[in-house]
Amino acid sequence: MPELPEVETVARQLAPLVRGRTVVALRVLDPSLKHGRFPRMAGRHVTDVTRSGKRVLFHFSRGPGRNEGIWLAVHLRMTGRLIWVDEARRSELAHLRARFRLDRGSLLFYDTRRFGTFQFYQSFEETEPEGVDPLSPGLNSRELGRMIGKSNQNIKAWLLRQDRLVGLGNIYASEILFVAGISPLREAASLNAAEHRSLLRATRRVLRRAIKNCGTTFSDFQDTRGLTGSYQNYLTVYGREREPCPRCSAPVVRFVQQQRSTYHCAQCQK
DNA sequence: ACCCTCCTGTCA
DNA sequence: TGACAGGAGGGT
């Protein structure tokens with residue numbers, strides 16, 4: 001599930017469910033999830049769940065009224081899922097990698113491919129990613145142009161770099177470039193100011209619309225209170241090889257770029 | 001700036 | 001059986 005809109009959706013859905021609850025125990029079932037030592041979690045309070053780039057960020061305070069505490073960033077990678085179950089519910093065990101037992105319920109971390117990661121931090125500053133959030137109001141197209149600078153990467157690859165903009169992945173990179181009318185093969189540095197503007201505008205339009213639709217969900221297994229997005233119904237080019245371009249009806253082209261599928265309309269994207 | 005790899009599952 | 005899957009860190 002995990003590009004910016006999906007992670008935003010997870011955080012928004014999870015926050016009201018777990019905020020204010022006390023941790024009874026954290027059990028890690030997949031040892032490879034444990035990089036370094038995990039802090040003791042019992043007795044801590046969940047104060048908030050937010051998004052940081054593509055990661056779900058949990059804040060735990062030490063007591064009900066205390067502000068200091070620790071942060072946990074969960075990266076879902078390709079197949080991670082965070083599922084809330086109340087205490088009465090029996091949970092699926094297949095691919096269960098970790099379980100937070102909270103008062104009156106559990107937060108379960110499932111991850112088929114086991115690429116997901118848990119990372120603990122002692123301060124909020126440490127959690128902050130290097131890249132800029134594309135939805136942050138402080139970002140404008142001039143700044144985007146400055147960030148792109150003289151990069152000779154193609155623009156698709158550049159958009160996937162998490163040390164520049166955070167949150168874009170393979171689906172939304174293709175979608176954004178289609179909406180912006182920019183070819184994924186263009187050298188990033190070759191974009192002009194007008195294209196920086198349309199690129200940023202397309203980025204925000206696509207991401208906001210995807211968030212409104214709770215993201216994109218493929219292979220919609222019946223979730224136990226997980227999420228099921230609907231943005232897959234609005235995808236213009238991604239996964240639509242040989243289907244007509246929604247703008248000009250030319251067939252959508254798929255090709256491999258940096259070992260990943262890119263979809264585009266060769267007519268509309270220059 | 002690229003290719004490979006981590007891991008498991010599904011589809012043609 | 002091989003290609004492919006929403007990600008990213010490591011090596012060259």
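Note on naming: letters A, B, ... go to the chains in the order of the sequence lines (proteins, then strands), and numbering restarts at 1 for each one.
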**Student:** Where the side chain of A/Arg113 is concerned, which of B/dA1, C/dG7, C/dA5 is the nearest nucleotide?
**Tutor:**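 Nearest nucleotide to the side chain: C/dA5.
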
**Student:** Rounded to the nearest 0.5 Å, what separation is found between the OG1 atom of A/Thr203 and the OH atom of A/Tyr172?
**Tutor:**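 A/Thr203 atom OG1 to A/Tyr172 atom OH measures 12.5 Å (nearest 0.5 Å).
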
**Student:** Can you check whether A/Phe115 stacks with the C/dG7 base, using ring centres under 5.5 Å and planes within 30°?
**Tutor:**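 The ring of A/Phe115 is stacked on C/dG7.
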
**Student:** Without decimals, in angstroms, what is the distance between A/Asp163 CG and C/dG10 P?
**Tutor:**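 It is 14 Å, rounded to the nearest whole Å.
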
**Student:** Less than 6.0 angstrom from the centroid, inside 45 degrees of the normal: does A/Arg247 satisfy that with respect to the ring of A/Phe178?
**Tutor:**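 Verdict for A/Phe178: a cation-pi partner in A/Arg247.
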
**Student:** Rounded to whole Å, how long is the line connecting atom CZ of A/Phe218 with atom P of B/dC11?
**Tutor:**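 Rounded to the whole Å, the gap is 13 Å.
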
**Student:** Could you check how far CD of A/Glu130 sits from C1' of C/dG9, rounded to whole Å?
**Tutor:**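 So the two atoms are 14 Å apart, to the nearest Å.
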
**Student:** With pairs defined as Watson-Crick or G-U wobble and both distances under 3.5 angstrom, please note down DNA chain C as a dot-bracket string, | for pairing with another strand.
**Tutor:** |||||.||||||

**Student:** Any donor-acceptor pair under 3.5 Å joining the side chain of A/Arg260 to the base of C/dA5?
**Tutor:**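 For A/Arg260, whose side chain was compared with the base of C/dA5, there is no donor-acceptor pair (under 3.5 Å).
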
**Student:** Taking any heavy-atom pair under 4.0 Å as a contact, classify A/Asp111: base, sugar-phosphate, or nothing.
**Tutor:**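 If one applies the 4.0 Å heavy-atom cut-off, A/Asp111 turns out to touch nothing in the nucleic acid.
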
**Student:** Pick the P atom in C/dG11 and in B/dC7, then give their distance to the nearest Å.
**Tutor:**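 It comes out at 16 Å once rounded to the nearest Å.
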
**Student:** Nearest-Å distance, CD (A/Gln258) to C1' (B/dC4)?
**Tutor:**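 Nearest whole value for this atom pair: 14 Å.
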
**Student:** Quick one: A/Leu160 CG to C/dA8 P, roughly how many Å, whole number?
**Tutor:**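 Between P of C/dA8 and CG of A/Leu160: 9 Å.
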
**Student:** Given B/dT8, C/dG7, C/dA8, identify the nucleotide with an atom nearest to the side chain of A/Gln162.
**Tutor:**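 Taking heavy atoms from C-beta onward, the closest nucleotide is C/dA8.
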
**Student:** Going from CZ on A/Arg55 to CD on A/Gln162, what distance comes out if it is rounded to the nearest 0.5 angstrom?
**Tutor:**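 The CZ atom of A/Arg55 sits 10.0 Å away from the CD atom of A/Gln162.
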
**Student:** From the set C/dG7, B/dG9, C/dA5, return the single nucleotide nearest to any side-chain atom of A/Ser261.
**Tutor:**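 Shortest atom-to-atom distance from the side chain points to C/dA5.
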
**Student:** Between A/Arg204 and A/Ser136, is there a donor-acceptor pair closer than 3.5 Å when you use the side chain of the first and the backbone of the second?
**Tutor:**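 Yes, because the side chain of A/Arg204 sits within donor-acceptor range (under 3.5 Å) of the backbone of A/Ser136.
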
**Student:** Please state how far atom CZ in A/Arg161 lies from atom P in C/dG7, giving the value in whole angstrom units.
**Tutor:**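 Rounded to the whole Å, the gap is 16 Å.
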
**Student:** Students often mix this up, so state it plainly: with edges at 30° and 60°, are the rings of A/His59 and A/Trp71 parallel, tilted or perpendicular?
**Tutor:**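 Geometry flag for A/Trp71 against A/His59: tilted rings.
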
**Student:** Name the nucleic acid region contacted by A/Gln259, choosing base, sugar-phosphate or nothing; use a 4.0 angstrom heavy-atom cut-off, strictly under.
**Tutor:**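 Base contact - A/Gln259 has a heavy atom under 4.0 Å of at least one base atom.
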
**Student:** Taking the C1' atom of each, how far is C/dG9 from B/dG9, in whole Å?
**Tutor:**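 Comparing C1' positions in C/dG9 and B/dG9 gives a spacing of 23 Å.
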
**Student:** At less than 4.0 Å, is any side-chain N or O atom of A/His95 found next to OP1 or OP2 of B/dC7? Yes or no.
**Tutor:**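 For A/His95, the contact criterion (side-chain N or O under 4.0 Å from OP1 or OP2 of B/dC7) is not met.
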
**Student:** Within the structure shown, what part of the strands sits under 4.0 Å from A/Ser32 by heavy-atom distance: base, sugar-phosphate, or nothing?
**Tutor:**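 Nothing, no nucleic acid heavy atom in range.
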
**Student:** May I have the distance from A/Met78 (atom CE) to C/dC4 (atom C1'), rounded to whole angstrom?
**Tutor:**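 Whole-Å distance recorded here is 9 Å.
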
**Student:** If only atom types and distance count, is the side chain of A/Glu3 paired as donor or acceptor with the main-chain N or O of A/Ile171 below 3.5 Å?
**Tutor:**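 Yes: the side chain of A/Glu3 pairs with the backbone of A/Ile171.
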
**Student:** With sugar-phosphate meaning primed atoms plus P, OP1 and OP2, does A/Arg254 contact a base, only sugar-phosphate, or nothing at under 4.0 Å between heavy atoms?
**Tutor:**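 Contact class for A/Arg254: sugar-phosphate only.
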
**Student:** Measure CG/A/Leu185 against P/B/dC2 and give the value in whole Å, please.
**Tutor:**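 Checked: the CG to P distance equals 12 Å.
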
**Student:** OP1 or OP2 of B/dA1 sitting under 4.0 Å from any side-chain N/O of A/Asn152?
**Tutor:**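 Checking A/Asn152 against B/dA1: at least one side-chain N or O falls below 4.0 Å of OP1 or OP2.
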
**Student:** Evaluate salt bridge (Lys or Arg N to Asp or Glu O under 4.0 Å) for A/Asp30 paired with A/Arg114, printing each intermediate quantity in order.
**Tutor:** CA-CA 8 Å; A/Asp30 178 5; A/Arg114 303 195 298 157; 3.5 Å; yes

**Student:** How long is the span from the CH2 atom in A/Trp158 to the CG atom in A/Leu191, to the nearest 0.5 Å?
**Tutor:**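 Between A/Trp158 CH2 and A/Leu191 CG, I get 9.5 Å after rounding to 0.5 Å.
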
